[in-house]
Structure formats: structure tokens, C-alpha cells
Amino acid sequence: MLHRVTGQLKQVFQTQNDLFLLTGSGTGGLEAAIVNTLSPGDKVLSVSIGVFGDRFAAIARQFGAEVIPLAFEWGQAADPDAVRHALQNESGIVAVLITHNETSTGVTNDLAELSSVVKGFDKLLLVDAISSLGSINLPVDEWRCDVVVTGSQKGWMVPPGLAMVSVSPQAWQAHATARMPRFYWDFTQARNYLERGQTPWTPAVSVVFALSVSLEMMLKEGLTNIVARHRRVGQTARDGAKSLGLPLFAEENHASNTVTAISSANGLDTKQLLRIMREDHQIILGGGQQKLDGQIFRIGHLGWVFEDDINKVMANLKEVLPQAGFRKD
Ligand SMILES: *Cc1c(COP(=O)(O)O)cnc(C)c1O
């Protein structure tokens with residue numbers, strides 16, 4: 001089963017690289033990406049556009065990397081030219097950390113473009129694709145991403161408990177000399193055990209069973225169709241929000257097709273809104289994280305989601321918005 005699921009995951013990752021199922025949440029996968037490829041003192045460029053980009057950098061810093069931060073305003077995508085300048089101006093960078101889809105702001109980075117910049121400098125590219133892979137197109141090999149991380153509870157439609165991580169030949173080269181401390185996340189252990197159809201530690205078996213079912217569904221629908229459906233669903237969410245008079249938080253040409261962030265405006269109390277939607281309408285929306293707390297709310301639409309689901313959310317929002325202080329002008 002492990003071999004079958006791994007093979008199916010490689011189809012969705014569009015990769016021939018090694019791929020491992022690690023027991024843990026997505027953040028564990030991010031830690032694995034860092035500790036398996038870097039050494040304390042390594043200089044790392046952190047391209048961050050929100051909460052999760054900052055978390056990726058924090059993990060690297062915690063394990064002793066010298067993190068060079070390149071942060072963009074929240075709601076904006078990373079600018080490839082700024083990444084090029086950072087790589088030109090700062091010598092000795094060994095790896096670049098990039099979030100494909102920033103769940104906290106509802107922004108999708110142009111990873112193809114960013115990767116071509118990073119690979120132009122031949123740097124190791126570590127990607128947080130936790131809320132994009134399996135929902136938004138990410139051809140791992142074509143875009144030359146060295147370590148790519150996703151998590152079972154996002155577009156994969158199964159309970160939390162697994163991180164899925166691909167590892168390129170260049171990442172293996174880095175791994176050979178990487179000295180950050182690691183035990184549970186060690187890729188060498190994962191590879192040795194996978195040869196025998198096993199994992200080094202007890203795997204989240206129940207989640208693997210669930211994933212095996214969802215991968216059948218996904219491959220039956222087809223990756224192209226899944227990506228197109230998310231594009232339609234994302235557009236429906238953005239159009240719906242605008243038709244209710246709600247401003248979108250993310251710059252629109254980089255708006256995410258897996259999560260839509262909406263700014264509070266016209267007297268709207270987003271916490272009140274989320275509470276009424278949850279308690280009276282059984283619809284759970286997300287709030288803002290960190291400095292966006294109370295500033296935005298988010299509609300998650302990844303995985304088993306269709307236009308009709310979004311239309312229902314919008315119909316309910318229309319009713320609840322005035323109850324949460326929103327005045328349409
Ligand atoms: C959800 C998410 C994470 C964190 O994953 P956990 O499974 O909660 O550890 C990290 N990055 C992004 C982009 C995410 O969407």
C-alpha cells in the first residue's frame with residue numbers, strides 16, 4: 001500500500017523524485033525540509049508573504065541557519081525581481097525558502113517564475129506547498145523544486161497526520177553534508193525503510209488508508225480537471241464576495257484558488273460574522289492570523305468543494321452580514 005500511495009502521490013506532484021510519507025502535520029514536513037538539507041550557519045534566503053512564510057524562516061533560524069529575510073507586504077505576492085536582486089547582492093546563500101500558496105493572506109506566488117530566478121543562481125529551492133499541491137498546478141520536476149512539502153488535511157481531503165515530501169537529486173546532495181540535528185525526520189531512514197515498503201517509525205496508518213481512497217478519487221477526476229475546478233471555485237468566491245460589496249484582501253492577479261481572504265469594511269465585525277455563521281448557519285469560515293486578526297476573514301475552498309458550496313456560503317453571508325454590522329453603501 002505504501003508503494004502504491006507513494007506512486008500515486010508522485011503523479012500528483014508530477015515528479016520522478018523520491019517521495020516520503022512522514023507522520024506529522026505539515027509543519028513537521030517543513031522542519032524535515034530544513035534539517036535534512038542544511039547545516040548550522042548556512043545562509044538561507046527567506047521569501048515570505050505571510051504567517052506561513054515567517055514560520056518556515058523561524059524553523060530555519062531555530063536550527064541555526066543564518067536567515068536573510070525578504071518579506072513582502074501581506075496580501076501581495078513575492079516579486080521575482082526582488083528575489084533576483086537579493087540573490088545578486090547577498091553572497092553565500094545556499095537555499096531559498098518559498099511558500100507556494102500563503103494560506104494566511106490568500107495569495108499564490110508565481111512559483112514558476114520564482115523558481116527560474118532561484119535556479120538561475122543554482123540555489124536549493126525548498127517549497128511550502130502545503131495548501132496548494134493537489135489543488136493548484138505545481139509540476140515539481142518542471143519547476144525544479146528540490147524539496148516540496150504538503151499536508152494530508154489540505155487539498156488531499158483526509159484527516160491531519162501526514163506530511164508528504166518530495167526530495168530531488170540536488171536535495172540529496174545537500175543532505176549528504178547537512179549537519180542540522182535530526183532523528184525522527186531523517187530522509188535517509190525514510191528512504192531505507194521505503195525500499196522494504198515500510199516507514200522507520202509507526203506511520204499514521206489510518207490516514208494512509210484514507211489517502212489511498214482520496215488519491216483514487218483524485219486520479220479518476222484527473223489533475224487537470226481538479227486544477228480547473230479550483231480555478232472556477234476560486235473565481236466564484238471572488239465574484240461572490242465582490243457582489244456582496246466585500247473587498248478582497250489579496251492582490252487580484254495573485255489571488256489564491258484554495259482560500260479567499262476578505263477585508264473587513266463598512267462596519268463589519270468579522271469575529272461576530274464568523275460566530276453567527278458557525279452557530280446559526282453551520283458554516284465555518286477562518287479568521288485572520290497574527291496581525292490580520294480581526295482585519296480579515298477567509299473562506300477555505302480546497303479539496304472536495306464545488307461552485308454550489310460557495311454559492312451557499314454567499315447566500316448565507318448575504319443574510320448574516322447586516323447582523324454583523326456591515327452596511328452596504
Ligand atoms: C496549513 C499550513 C501550514 C501548517 O500545516 P500544519 O499541518 O498545521 O502543521 C503551513 N504552511 C501552509 C501554507 C499551510 O497552509
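Whatever order the structure lists them in is the order used to number ligands and atoms, beginning at 1. When reading the values below, keep in mind they use all heavy atoms of this one structure, side chains included, and skip hydrogens, waters and symmetry mates. If you're wondering where the values come from, they're calculated on a predicted model, not measured in any experiment.
Between the side chain of His3 and the main chain of Leu194, a donor-acceptor pair closer than 3.5 Å is present. Using modelled atom types, one side-chain atom of Glu102 and one backbone atom of Phe52 make a donor-acceptor pair closer than 3.5 Å. No side-chain donor-acceptor contact under 3.5 Å links Asn257 to the backbone of Arg232. Between the side chain of Arg229 and the main chain of Gly303, a donor-acceptor pair closer than 3.5 Å is present.
For ligand 1, the atoms sitting less than 4.0 Å from at least one non-hydrogen atom of Ser25 are 6 (P), 7 (O), 9 (O), numbered in the order shown with element in parentheses. Taking every non-hydrogen atom of Ser131 and a distance limit under 4.0 Å, the qualifying atoms of ligand 1 come out as 13 (C), 15 (O). Residue Thr103 has at least one heavy-atom neighbour below 4.0 Å for each of these atoms of ligand 1: 12 (C), 13 (C), 14 (C), 15 (O). Under a 4.0 Å criterion applied to the non-hydrogen atoms of Asn101, ligand 1 contributes the atoms 13 (C).
If you look at Trp185 and Phe20, their ring centroids are not closer than 6.0 Å. Separation of the Phe306 and Trp304 ring centroids falls under the 6.0 Å cut-off.
In the candidate list His100, Glu31, Glu102, Lys154, Lys154 is nearest to atom 2 (C) of ligand 1, counting heavy atoms.
For the pair Arg196 and Tyr193, the distance from NZ or CZ to the six-membered ring centre is under 6.0 Å and the angle to the ring normal is within 45 degrees.
Between Gly26 and ligand 1, at least one pair of N/O atoms sits closer than 3.5 Å.
Distance from atom 11 (N) of ligand 1 to its nearest protein heavy atom, with residue and atom name: Asp128 OD2, 2.6 Å. Here the protein heavy atom with the shortest distance to atom 8 (O) of ligand 1 is Gln153 NE2, 3.8 Å.
Under the 4.0 angstrom criterion for non-hydrogen atoms, Arg55 is in contact with ligand 1.
For Thr27, heavy-atom contacts with ligand 1 shorter than 4.0 Å involve the backbone as well as the side chain.
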